[in-house]
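From a predicted model like this one, the values you see are computed outputs, not experimental measurements. The basis for the numbers below is simple: all heavy atoms, side chains too, and nothing from hydrogens, waters or symmetry mates. So that the names make sense, note that chain A is the first sequence line, chain B the second, and so on, each numbered from 1.
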There are 2 protein chains.
Amino acid sequence: MKRKVSLKDIAQQVGVSTALVSYVLNGQEKEKRVGEEIASKIREAARALNYQPNQIAKSLKSGKTHTIGLIVADIANPFSAHIARIIEDEAKRHKYNVVFGSSDENAEKAWDLMKVLLNRQIDGFIIAPAEHAEEQVRYLQEHHIPFVLIDRYFPGLPANYVALDNYKAAYEGVEHLIQKGYKHIGMINFKSGLHHLQERTRAYHQALQDFNLPAAESWCREVNEDMLKEDMDQHLQDLLLSGQPVEALFLASNKIAIHGLKFINEHKLRVPEDVAVIGFDETDAYELFYRPVTHIRQPMAEIGRAAVQALLQLIAGNPEPTQLNLAATLVVKESC
Amino acid sequence: MKRKVSLKDIAQQVGVSTALVSYVLNGQEKEKRVGEEIASKIREAARALNYQPNQIAKSLKSGKTHTIGLIVADIANPFSAHIARIIEDEAKRHKYNVVFGSSDENAEKAWDLMKVLLNRQIDGFIIAPAEHAEEQVRYLQEHHIPFVLIDRYFPGLPANYVALDNYKAAYEGVEHLIQKGYKHIGMINFKSGLHHLQERTRAYHQALQDFNLPAAESWCREVNEDMLKEDMDQHLQDLLLSGQPVEALFLASNKIAIHGLKFINEHKLRVPEDVAVIGFDETDAYELFYRPVTHIRQPMAEIGRAAVQALLQLIAGNPEPTQLNLAATLVVKESC
DNA sequence: ATATTAAGCTTAAACGATTAAACTATCAAG
DNA sequence: CTTGATAGTTTAATCGTTTAAGCTTAATAT
């Protein structure tokens, strides 16, 4: 790589010290009263040499990198990709960059990633924490490193977060099924200690109870992320093809829903006649399924923007707590 | 943020110079013959203080950041997200990090991004170039900045790239339709000057000609990326619902295919009876459509890995040219 | 006894920028 | 003719590392 043009080169060319060059190029010529003539010579030379400041050097001096570290749960999930993009855009609006990592729902990997990003002196974090990532959160707090959690948080561990009101969102979803007249309602969720997922299950149970509907334990199933297909097939078999199939199914995430819809296709079940479906999050699949799927949509743009804004506040030294549980939207289509 | 522990702190604690600390922590104690005792004291102190080297300072010194700049065309497209993830993983295997940007198919934005990343002293680029990005490529060449193009390249502009053999891939797709007995075959592609897209159209025409099939100009349509829905609806209306509809449709990208499938759903057309479909790239949609969609799959993992490996070669100073046109796989399902 | 070598450590410059402090020249006021 | 202010510039330290070169001290060879 051709050696880059530095302040020194400009200084030499114009015949001044690097200090002057720095002042001029940072628009401090007034405060530091740099001579008109010299100033324009410097600007001229900078342009001629196509000077590009070395951000590494700048960062070393200032301790600021104007960079946000983003750790998402699984970049292969469109949810993560979408929110990453929003965060990138919002950050860019504020002249911040984003560097990325995916923890793949693995606290260990998330920890490594955090270390790597910290060594790169990022100014703060936006993190979708994995299960068992409490220690990580505490580390950040103890070291006074600005961060905002998104999508998930740990109820026992006060921290800034921007998330969904998962209980309310799920409740409304189940309520919708109930109002449509379904009585035997099943649910599939991830088996996970993550609070935001548990809230969805809690809402499901509560809604059934509030409306005095029958609730069999066997109607609420949990699948392992790492053997999703096998688990899904097993549970769907039980729920949909057994002697007493459920009439409606609440699928508590986009990945779960995708598998569910595939299963339904494969077994030529009719939606909503054989089984009504309601999904969570977004995926092309919902619109593309032969009967577009009613689903619970998260306010992605709001989450992303609020997270960036909260983080930048923190970085600026403004410790206003941000703890948002935003509302979801029920998108009614034809699947129930 | 609490001030971080530096080499100096360790040096002070142990009572030696920073040089020794640096040697020990970089495993040069043998070459630089550091005393056994001191060395272990240094390691001890480093652990006790939880020393994390400041990568910014390291980079400033070495001129290396161990970071690859990745510019994808549109991070919202699963194609980009997927390849980004593969590149990230592969880079990580080689102890490299990846910083990201999305050009949103806009050469201007790509240029800005490149400047930003360059100022951060990334060691090299992997770029999916936007249309009209030739100047950018030339800039990189002139400045001897290591880079590898992916997915697309400019035929007139020799550069390293890892891409698909789009002509062959598309030809095989159309050939498949022909062998299935379809005679009136339409195609929808993006209106774009990008070579890789044009190759798909060229293959379509050539295949029809080679097999002596009728080819009406009006069967090959082009849509604008920025008004995709409107254009698609218009053309699909013409192709599928006119007096003389086509029997089969080659949809030349995942986004185009998704819109196409939605249209087909909305208008209750039967696949493949009313219209056979073949898609390009990957999307959940293909598996999820009520009749799983035959499609042309790109070897994502190979592309990503080859690109990283080629780039690291370049960075290491090894100027072997890499110009790969990899083969696609025809994934046969039930849509034709 | 003297030179040589090796071991074990420190010094200081360098990377590229920022910035407080010092310096010089010019001019005005007392 | 001082003194002081002002404008315009340079000097040098600093951020946290790396690393060539230099410095001791002790051991070994001649």
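Put simply, CD on Gln121(A) is 14 Å from P on dC15(D), counting in whole angstrom units. The CG-P distance, from Leu49(B) to dG16(D), rounds to 14 Å in whole Å. What separates CD of Gln12(A) from C1' of dG16(C) is a distance of 14 Å, to the nearest Å. Atom-to-atom, CD of Gln28(A) to P of dA17(C) comes out at 15 Å; the value is rounded to the nearest Å. Separating the NZ atom of Lys30(B) from the C1' atom of dA7(C) is a distance of 13 Å, rounded to the nearest angstrom. Here dC9(C) presents its P atom at 15 Å from CD of Glu31(B), a figure rounded to the nearest Å. Between Lys64(A) atom NZ and dT18(C) atom C1' the separation is 16 Å, expressed in whole Å. To the nearest angstrom, C1' of dT9(D) lies 17 Å from CD1 of Ile10(A).
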Derivation and outcome, side chain to side chain contact (heavy atoms under 4.5 Å, CB included), residues Ile87(B) and Ile150(B): CA-CA 11 Å; Ile87(B) 287 174; Ile150(B) 52 171; 4.1 Å; yes
Take Lys115(B) and Gln52(A), measure what side chain to side chain contact (heavy atoms under 4.5 Å, CB included) needs, and give me the verdict at the end. CA-CA 8 Å; Lys115(B) 288 295 179 87; Gln52(A) 303 286 136; 3.9 Å; yes
side-chain hydrogen bond (donor to acceptor under 3.5 Å, both in side chains) between Thr67(B) and Asn97(B): does it pass, once the steps are laid out? CA-CA 5 Å; Thr67(B) 300; Asn97(B) 282 101; 5.1 Å; no
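Residue Leu20(B) has its side chain nearest to dC9(C) when only dT19(C), dT9(D), dC9(C) are considered. Of all nucleotides listed (dT9(D), dT18(C), dT10(D)), dT18(C) comes nearest to the side chain of Lys58(A). Side-chain atoms of Asn54(B) lie closest to dT17(D) of the nucleotides dT17(D), dA17(C), dC15(D). Distance from the side chain of Tyr51(B) is smallest to dT17(D) among dT17(D), dA17(C), dG16(D). The side chain of Ser22(B) lies closest to dT18(D), out of dT18(D), dT17(D), dC9(C).
No hydrogens or angles were tested; on distance alone, nothing pairs the side chain of Lys61(B) with the base of dT17(D) as donor and acceptor under 3.5 Å.
Among all heavy-atom pairs drawn from Leu324(B) and Ala306(B), the shortest one is CD1-CB, 3.8 Å. Contact detail for Lys64(B) and Ile315(B): the closest heavy-atom pair is NZ-CG2, 4.2 Å. Smallest separation of non-hydrogen atoms from Ser102(A) and Asp104(A): OG-OD1, 2.7 Å.
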Show me the protein contacts with nucleotides 20-28 of chain C, counting only N or O atoms at under 3.5 Å.
| from | atom 1 | to | atom 2 | distance (Å) |
| --- | --- | --- | --- | --- |
| dA20(C) | N6 | Tyr23(A) | OH | 3.2 |

Atom pairs under 3.5 Å, N or O on each side, protein against nucleotides 26-29 of chain D: can you list them with distances?
none

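At most 12 non-hydrogen atoms from other residues, nucleotides or ligands lie less than 6.0 angstrom from CD of Glu37(B). Annotation for Arg305(B): atom CZ does not count as buried by contact number, only 12 or fewer foreign heavy atoms lying within 6.0 Å.
Between Arg33(A) and Ala57(B), the residue anchored closer to the 5' end of DNA chain D is Arg33(A), taking for each the nucleotide with the nearest heavy atom. Toward the 5′ end of DNA chain C lies the nearest nucleotide of Glu36(B), the other residue of the pair Leu7(A) and Glu36(B) mapping further downstream. Comparing Gly35(B) and Leu60(A), the nucleotide of DNA chain C nearest to each residue sits closer to the 5' end for Gly35(B).
With rounding to the nearest 0.5 angstrom, the NE2 atom of His66(A) is 9.5 Å from the CZ atom of Arg120(B).
Ring centroid separation for the pair Tyr153(A) and Tyr161(A) comes in under the 6.0 Å cut-off. For an aromatic pair to be called close, the ring centres must be under 6.0 Å apart, and His195(B) with Phe154(B) fails this.
Between the axis at the start and the axis at the end of the helix from dA1(C)-dT30(D) to dG30(C)-dC1(D) there is an angle of 80°, using five pairs per end and rounding to 10 degrees.
Considering Val34(A), Ile42(A), Val24(A) in turn, Ile42(A) is the only one that fulfils the side chain to side chain contact (heavy atoms under 4.5 Å, CB included) rule with Val16(A).
With respect to the salt-bridge test (charged N to carboxylate O, under 4.0 angstrom), the residues Arg47(A) and Glu44(A) qualify.
The residue Ile56(B) sits apart from the nucleic acid: no heavy atom pair falls under 4.0 Å.
The side chain of Ser6(A) contributes no N or O atom lying less than 4.0 Å from OP1 or OP2 of dG16(C).
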